[in-house]
Amino acid sequence: MRKQVGQHESVKHDARGIARVALGVVAASFLFGFAMVPLYRIACEQVLGIKLSEGAVSAAEASSMQVDPSRTVVVEFMTSVNSKLPWAFKAEKTRVEVHPGELTEVWFDATNQSAQAIVGNAVPSVAPSAASAFFNKTECFCFTEQVLAGGETRRMPVRFIVDPQLPQGTHTLTLSYTFYANELATRNLALVNPSVDGIAKN
Amino acid sequence: MAHAAVHDTHHDAHDHKPQGFLHRWLFTTNHKDIGTLYLVFSMLMFFVGGSMAMIIRAELFEPGMQLVRPEFFNEMTSVHALVMIFGAVMPAFVGLGNWMIPMQIGAPDMALPRMNNWSFWILPFAFTLLLSSLFMPGAGPQGGWTLYPPLSLQGGNSVAFVIFAIHMMGISSIMGAINIIATILNMRAPGMDLLKMPIFVWSWLITAFLLIAVMPVLAGAVTMLLTDKYFGTSFFNAAGGGDPVMYQHIFWFFGHPEVYIMILPAFGIVSEIIPTFARKPLFGYQAMIYAIASIAFLSFIVWAHHMFTVGMPLGGELYFMYATMLIAIPTGVKVFNWVTTMWEGSMTFETPMLFAIAFVILFTIGGFSGLMLAIVPADFQYHDTYFVVAHFHYVLVTGAIFAIMASVYYWLPKWCGNMYSERWGKIHFWMSVISVNVLFFPQHFLGLAGMPRRIPDYNVAFADFNMISSIGGFWFGASQLLFVGVVIHAVYFSKKRAQARVWEGARGLEWTVPSPAPHHTFSEPPVIDNSQLAHGDVTH
């Protein structure tokens, strides 16, 4: 009888130990779920060669590229506006033909169709994703916040160079922009500048 | 403490069940009572989710909008899935595990009985939260059970209720899984080696590891949804530098192991039933265990086959295609081993065996359509069509649910001490197996013809097959009322008492205790007689 009680207690102790280890696994996999956020970026950028950072390339880097006149690549432009942003947004040309290594300038038009000043941010995306690492912008309205007063239209340039090392099989690149309302910046703008006519008060 | 100890001894000595509804069910720490609670809850949720399916099939009976608003239809598709996955299939398996695992390994109870009580009683609250969202301003989830942002975040504040409900379901499953791991690793009777354990216990052990590894990932994913909606983070918000595709990666890192969580215990059940009624030991016991373990491992590295169309690089698509196809190998091992177990066996066809054989055939059909979906170029056509709907209903309804029904017929006499009506059981089986094929087989053709899933209205070109499918749906739904009838009859009205060894060919410790199983079993560890175990002296 005595022996059995002892056995019973040791069994209980072991069960707690196993439960503790299992809870450790649970905690680790909860953290792993969040770790997938940076891991996802690393996998995209290092393993799959998809460019996620959207900064400008330096002028030096841009001028070091040799123009390859033997090759022509089609670059297409797509524009869309998130439904929460009352703007119109269009590319002047929907497609251009460029030689890799050649600096090209294209223009986009955005119009604030509301009566209030609104801050917008454009988020770019390049397809096919595997070619995104070879698409370099030296100037883009997507690098900064765009503030448009009520009814204002702005003409905005994008200057880009397609890397001559673009894989041979790629003939068409699509650059797509989506404009989103930057609600926080719009609110801050109204706070800092309450006297400016037509600025959102909400 | 002293009082509690005396109290416990009193129970052990007399095998009295606690008196009064609250003490018997709300405060219970008994694995059999908790197993029953899980199974009853699961049956209730099966009918809640089933009613939603009936609404879906009624609206799809004819092209055009007849019965419900499109928003309500979308709520039905989303909540039907959540209820069936987290409310019907998973609790049914946990309930079966609770009932059978301690009896199959000769343990007096689960290792952590109070946590067991807690993990069940969270569930009614979780599902009250989830289902109450249907009645809230802004309505319940309408973006599908996968809750893809940004769509899933465009609902009202009911999103928060759904997310908290999922958190609670996750906590419940994690506690259930921890309990099962601790029970299996720690509470086996002396002599019950790991490689003598019944295969159902093995399948649950591996499933429990999957659960503790991936349920927290789902919890993390929905937590990110919550902070994106309410706390201004931008995990999945493109405007703030996030990426909605990343949600799909995190979700399916949970989601693919999740679909195996819903099928591995079914493999275990079928591997118990087929040897019993073929009167032969399971062919390739160890191969079956390795196959389950391989499937569990592979489930972690194939998730992106659910999202081939998001614009992945070619290398990623090829990798996920080949890795997915690899799963066909261990699954094939299992199917061939079930068939080989039946080969030259002295087979009889009682209701559990009928369901088990239907499982082997129909699950294999679901497996084949899964292989078709794994082929990247084909998947670009099949993605988000009724072909996918047909595929996962073949593996979940004729797979998981058929296995659960088989197990209820198989073990019900052990639970309640009475035999169910074999005649009505067989009628239920034939009704179910015919209607389920009328219901889901035409959906393959609808999908191949291009009918998208999750839509309340469709092109008239799809009319005929939808009508056939709906007729099958109503038929299948009505047939399940027979199932409830058979179970209630067996528990309360059947006059035919069950033997301790209910089935002639049954092997294993659960058949050495009387039927119905007493409230406390194996308070003294049993002496293991290898010849009485299903795999006691099997060395392969």
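Atom set for the values below is all heavy atoms of this structure, side chains included, hydrogens, waters and symmetry mates excluded. Chain identifiers are assigned alphabetically (A, B, ...) following the order of the sequence lines, protein sequences preceding nucleic acid strands; residue numbering begins at 1 within each chain.
- Residue contact with chain A, scored on non-hydrogen atoms closer than 4.5 Å, is absent for B:T183.
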TODO: For B:D243 and A:R41, run side-chain contact (heavy atoms from CB on, under 4.5 Å): C-alpha distance rounded to whole Å, both residues' side-chain angles, the deciding distance at 0.1 Å, then the answer.
DONE: CA-CA 10 Å; B:D243 187 345; A:R41 297 190 79 87; over 6 Å; no
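- To the nearest 0.5 Å, atom CG of residue B:N237 and atom OH of residue A:Y180 are 7.0 Å apart.
- The contact between B:I174 and chain A is made entirely by side chain atoms (from C-beta outward), counting heavy-atom distances below 4.5 Å.
- Heavy atoms closer than 4.5 Å to chain B are found in the side chain of A:V123, but not in its backbone.
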TODO: Evaluate side-chain contact (heavy atoms from CB on, under 4.5 Å) for A:F30 paired with B:V217, printing each intermediate quantity in order.
DONE: CA-CA 5 Å; A:F30 185 71; B:V217 175; over 6 Å; no
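- Here the side chain of A:S29 pairs a donor or acceptor atom with the backbone of B:I212 at under 3.5 angstrom.
- Contact count against chain B (heavy-atom pairs under 4.5 Å) is highest for A:L48 among A:L184, A:L48, A:T178.
- Aromatic ring pairs are classed by plane angle as parallel below 30°, tilted from 30° to 60° and perpendicular above 60°; the pair B:H249 and A:Y40 is tilted.
- Contact check for A:F34 versus B:T223: side-chain heavy atoms found under the 4.5 Å cut-off.
- Taking CD1 of B:I181 as the reference point, atom CD1 of A:I18 lies at 9.0 Å (rounded to 0.5 Å).
- Neither the backbone nor the side chain of B:N179 comes within contact range of chain A; no heavy atoms are under 4.5 Å apart.
- Taking NZ of A:K84 as the start and CD of B:Q154 as the end, the distance is 7.0 Å to the nearest 0.5 Å.
- Both the backbone and the side chain of B:A219 have a heavy atom closer than 4.5 Å to some heavy atom of chain A.
- Only the side chain of B:F253 comes within less than 4.5 Å of a heavy atom in chain A; its backbone stays farther off.
- With a 4.5 angstrom heavy-atom cutoff, A:L31 does not touch chain B via any of its atoms.
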